[in-house]
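Just follow the structure's listing: the first ligand is 1, and inside any ligand the first atom is 1. Please read these numbers as outputs of a predicted model, since none were measured by experiment.
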Amino acid sequence: MLRRPRRNRKNEVVRSQIRETKVEVDNLIYPLFMVDGQNHKSEVKSLPGQFRLSLDNLLSEVEECMNLGVQCFDLFPAVDDSLKDELGTYSYSKNNFYLKYISEVKKRFPEAVIMTDVAMDPYSSDGHDGIVRDGKIINDETLDVLARMSVAQAEAGADIIGPSDMMDGRVEHIRDALDDAGFSDVSIMSYTAKYASAFYGPFRDALDSAPKFGDKKTYQMDPANKQEALIEAELDYFEGADYLMVKPALCYLDVIHMLKEEYPVPIAAYNVSGEYAMLKAAAQNGWLEYDRAMTEMLLSIKRAGADVILTYFAKDFAQLQK
Ligand code: PBG
């Protein structure tokens with residue numbers, strides 16, 4: 001045998017010398033959930049190790065993570081039901097605790113990069129990402145709500161706006177609104193190919209944001225479709241998105257790979273709540289080795305072509321690198 005591939009695996013020095021893919025803490029974005037109040041830290045039952053945090057606890061969490069090298073955070077608000085309405089007006093209200101938290105985090109940690117979520121579902125009494133009329137999700141009127149929300153978040157200090165709603169035309173609409181308001185430096189990470197997935201369940205528990213009727217299949221993509229992701233990517237790219245995101249990650253590695261090949265902008269992947277919960281549950285039962293399986297999952301997402309990974313594993317992974 002002239003060619004023996006095992007020679008290149010003979011010890012760890014050789015293996016690490018020729019390793020093709022490495023996940024760095026710099027590539028990770030850590031999603032965090034927040035609630036109004038003080039001295040509040042409640043674990044999300046279906047997301048062991050992830051908490052809803054009041055401002056005091058949020059600030060200490062961010063500090064701890066920054067010390068581990070995690071420097072980018074995606075913040076999500078758990079909003080009290082009494083503040084939700086059909087038009088999601090709390091999303092840009094001056095009293096919105098989420099906006100206050102964003103500016104407090106930026107004040108304490110100016111070097112932290114803060115990503116925010118733009119969609120109506122945390123604020124909507126219908127639990128949908130757009131305005132509901134006669135049981136339908138109305139696209140174009142929703143864009144104005146998304147634009148107001150985006151500008152409010154930019155005013156609070158957001159560095160990256162993350163439209164996660166899958167309405168048509170949102171990236172251009174938000175880009176225009178941000179530029180008009182003087183926020184041409186604020187980036188857009190578009191949820192480009194966001195699938196109508198079963199893997200968002202634990203996230204909806206965290207925010208209590210599940211749709212009150214029906215499902216999200218008229219706006220989120222059909223898990224069976226790949227070609228369609230190219231249309232979404234084309235639109236988002238030409239509408240000015242700075243990053244294109246695929247979500248979820250693990251069941252959609254082919255889509256991540258395709259967008260990486262086709263578009264010269266950074267590709268992000270959202271390793272979603274259900275993907276984290278599956279491994280946590282298996283590890284708690286002793287069925288999988290947590291650290292190894294986590295590393296393998298993140299590696300596979302990076303190998304598929306993701307430059308950036310949004311993941312609930314971010315802190316654990318960073319700790320493991322220490
Ligand atoms: C809402 C939103 C969702 C997630 C991020 N933003 C859920 C949904 O679309 O219902 C899911 C994230 C996760 O599961 O970790 N616009």
So which of E275, R204, M120 gets nearest to atom 10 (O) of ligand 1, if we judge by its closest heavy atom? R204
Would you call Q220 a ligand 1 contact, heavy-atom distance under 4.0 Å? yes
Is there a heavy atom in Y270 that sits closer than 4.0 Å to ligand 1? yes
Show the atoms of ligand 1 that are less than 4.0 angstrom away from any heavy atom in A119. 16 (N)
Between Y263 and D236: side-chain donor-acceptor atoms closer than 3.5 Å: no
Identity and separation of the nearest protein heavy atom to atom 14 (O) of ligand 1: S273 OG, 2.7 Å
Short N/O distance, under 3.5 Å, between Y312 and ligand 1? yes
Nearest-neighbour protein heavy atom for atom 1 (C) of ligand 1, which is reported as residue plus atom name and distance: D121 OD2, 2.8 Å
Protein contact of atom 11 (C) of ligand 1 - nearest heavy atom, named by residue and atom, plus distance: K247 NZ, 2.8 Å
Less than 3.5 Å between some nitrogen or oxygen of S164 and one of ligand 1, yes or no? yes
Measure the acute angle between the ring planes of Y312 and F33, then classify it against the limits of 30° and 60° as parallel, tilted or perpendicular. parallel
Looking only at the aromatic ring of each residue, does the gap between the centers of H128 and F213 stay below 6.0 angstrom? yes
What protein heavy atom lies closest to atom 8 (C) of ligand 1? Include the residue and the distance to one decimal. K216 NZ, 3.3 Å
Is there a donor-acceptor pair under 3.5 Å between the side chain of R170 and the backbone N or O of L143? no
Cut-off 3.5 Å, side chains only: do Y276 and Q50 have a donor facing an acceptor? yes
Using the ring of Y200 (Phe, Tyr or Trp, six-membered ring only), decide whether K216 places NZ or CZ under 6.0 Å from its centre and within 45 degrees of its axis. no
Run the side chain to side chain contact (heavy atoms under 4.5 Å, CB included) check on Y243 and V308 step by step: do they pass? CA-CA 9 Å; Y243 310 72; V308 180; 4.2 Å; yes
K247 to Y252, cation-pi by 6.0 Å centre distance and 45° axis angle: no
Which ligand 1 atoms are under 4.0 Å away from a heavy-atom of D117? 6 (N)
Measure the acute angle between the ring planes of Y90 and F97, then classify it against the limits of 30° and 60° as parallel, tilted or perpendicular. tilted
Could you find the nearest protein heavy atom to atom 9 (O) of ligand 1 and give me its residue, atom name and distance? K194 NZ, 2.7 Å
Can you tell me if D165 has a non-hydrogen atom under 4.0 Å from ligand 1? no
